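One structure is given below, encoded as structure tokens.
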There are 4 protein chains.
Amino acid sequence: MRADARRNRERILKAARAVFGEQGIEAQIDDVAKRAKVGVGTVYRHYPTKEALRDALVRERFEEIAGYAEEALRRDDAWEGFCELIWRAAERNAADRAFCEVVAFTDQSSIVEETGLAGSTALLMERAKALGKLRADATPVDIPIMMAGAGSVMRAHASPAVWRRYLTIMLDGLRAP
Amino acid sequence: MRADARRNRERILKAARAVFGEQGIEAQIDDVAKRAKVGVGTVYRHYPTKEALRDALVRERFEEIAGYAEEALRRDDAWEGFCELIWRAAERNAADRAFCEVVAFTDQSSIVEETGLAGSTALLMERAKALGKLRADATPVDIPIMMAGAGSVMRAHASPAVWRRYLTIMLDGLRAP
Amino acid sequence: MRADARRNRERILKAARAVFGEQGIEAQIDDVAKRAKVGVGTVYRHYPTKEALRDALVRERFEEIAGYAEEALRRDDAWEGFCELIWRAAERNAADRAFCEVVAFTDQSSIVEETGLAGSTALLMERAKALGKLRADATPVDIPIMMAGAGSVMRAHASPAVWRRYLTIMLDGLRAP
Amino acid sequence: MRADARRNRERILKAARAVFGEQGIEAQIDDVAKRAKVGVGTVYRHYPTKEALRDALVRERFEEIAGYAEEALRRDDAWEGFCELIWRAAERNAADRAFCEVVAFTDQSSIVEETGLAGSTALLMERAKALGKLRADATPVDIPIMMAGAGSVMRAHASPAVWRRYLTIMLDGLRAP
DNA sequence: CATGAATGAGACTTCATTCAT
DNA sequence: TATGAATGAAGTCTCATTCAT
């Protein structure tokens, strides 16, 4: 890919992050283009539909979170790693309106699978169960569920205190009795 | 209000319940009117904006749930009453796409307040705490939070098993340690 | 249908006739709306797609021509009736750019069938053959063929003399040897 | 012109023939470039507009047909030569969607003139008239007319039988009575 | 009061052509 | 000279809301 194309692609992604983050999935491609100081056509050249752009953003974020999961796996206490993963992911997502909307309303399990997040989380949870700290019946699907829930709580209630409270309860619910 | 006007209002509400329930907030007023066998103008006469109609539906549902809360208050064990309230509300909401979307994405606390649901729940939770069954730091805002979470889980994952699992974890998280 | 709706529908059709006639199938719906002094939405209410509007125009014209065919059937000499039909249809179409384009490039046989033009023409041709004036191997499909040919000649060559010459040759070709 | 430039020009023409032939005038320059394995810029360097490229293709074809006309002139019977010319040209054009569209909708007489096709045809027709086989009032403009008609028939009706029938009638119409 | 036709801003997307690399 | 990324006007269609009948 040519240097200028890569530069533009970056600009578009950056602009998209901002615009989607502020306005949610309803954000307009024209606004993204304007923000990126690029013609609409350029946006469409890189991402052939609005959905493609949105998915790129979502995937990017899940890749980042997959990175957190890798780090969490390196911790001694898998349960603590698990909790930290959840908290870090949530902190990261809190300001991103579109991401919250997407995970809250659509099943993103294929992306979760592809980014390796599913795998790492499964491993992490198994270990946490082995430690007797995670409830035995917890499953990897609980993660998307929590994220969906957290996403909507974040969208519906401005205050971080509210979603933090939500996560606290949720994690307590997941702790082994 | 004239008799026919009241009748129309009822028809509109009924149609709106069906249409919004099936199609979510994106549903069109025209469809509601068509279903109600009424002109769009009539819908707008009763509910000046789409939001007004949606709010009427939401309020109606919260009033129903407030009724459940009243019943729950009459039970001997407040914690059991609380759990039952949550489960009944969830069962009720599960099939209503628009309701899920609304509670998942917007703060409906004023309606919750006005319908008396806030008050009953507060009382119920106090009693459950007194029994030592609800965690001491639980607060009435946890209810809308749970509903937001459940709403999004319901929208994102078709299977009832998924949101039931979600509620189970959530209620376990709320149980006194 | 309400009086104002019918009036608008008429205005739209009239505007469409003019705009499509002048600019061909590429004409824009916005222009039709502007010409009809009506919002775009109104055009789309009456004709849900551009194609629907175009088809309405085409059908209208074929109905008119089907009327000519009825008249032609009432003439004593079927061959003369046939020729007259062709000439009248051509005169009618000559000024209509979109119609020429449509018949020149797309098979409109279903509309030809539905308007009854196919039937009348078949009858007319049978009689003309019985008189020994139309070549025995001529078939009703030759009509759309002639119209396609005439349409393109009309579009490609401004002068009426050119397409009249075309029709003359064509009809001579159809005359019994 | 440099050797590689000439080579590119050839590749572009070849690709354009294929792409326009398949998709008609609506074909995109990008597709031509892709097929030619060349950048769009290169196409535009050789042919400054889409029309220029299309015209090059049309001219090329008319030159080929002019060659047929030369051959036809060498035949003993000018009328037979004329008929053969028409048939050969038609067979050649039938598979070329863009060519059909161009001749069906635009007057290409200047190209017909420039390629010498006009001259050869005029001569051929004069001779055929002298033989008493071509109708006396036939003129060289009848050729583009027939081609326009045939082009549209070819586009509108998939089956070769249909346009062959068209040409048969047309040639019968041109035969001296 | 009821009706439903009309409105029109605004959304997404395409593609001929230009121009930086 | 070649490349192909960038441009952006323009086109189709939608839908919340208004208003004439």
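Throughout, protein chains are lettered first and strands after them, A, B, ... in sequence-line order, and every chain is numbered starting at 1. Keep in mind that the numbers below use all heavy atoms, side chains included, and drop hydrogens, waters and symmetry copies. None of the values given here were measured: they were computed from a predicted structure.
- Note that A:R9 lies in the cation-pi zone of A:Y47, set by a 6.0 Å cut-off to the ring centre and a 45° limit from the axis.
- Scored by the ring-ring contact (aromatic ring centres under 6.0 Å, His included) test, A:Y44 finds no partners at all (sequence neighbours excluded).
- Other residues, nucleotides and ligands contribute at most 12 non-hydrogen atoms within 6.0 Å of the CD atom of A:E113.
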Seminar exercise, completed: Each nucleotide of nucleotides 16-21 of chain F classed B (base within 4.0 Å of a protein heavy atom), S (only sugar-phosphate) or -, in 5' to 3' order, makes SBB--S

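- Ion pairing of A:E22 with A:R35 is present here, as a side-chain N (NZ or NE/NH1/NH2) and a carboxylate O approach within less than 4.0 Å.
- For the pair A:R6 CZ and F:dG4 P, the computed distance is 15 Å after rounding to whole Å.
- Proximity of a side-chain donor or acceptor of B:S152 to a complementary backbone N or O of B:A104 within less than 3.5 Å is not detected.
- In this structure, NZ of A:K34 is placed 19 Å from P of F:dA6, rounded to the nearest angstrom.
- D:L53 has its CG atom 11 Å from the P atom of E:dA16, to the nearest Å.
- When distances are taken from the side chain of D:T42 to each of E:dA2, F:dA5, F:dT3, the shortest belongs to F:dT3.
- As the counterpart of F:dA20, E:dT3 is assigned, both hydrogen-bonding distances of the Watson-Crick or G-U wobble pattern falling under 3.5 Å.
- Position along DNA chain F of the nearest nucleotide to D:N8 versus A:R9 favours D:N8 as the more 5'-ward residue.
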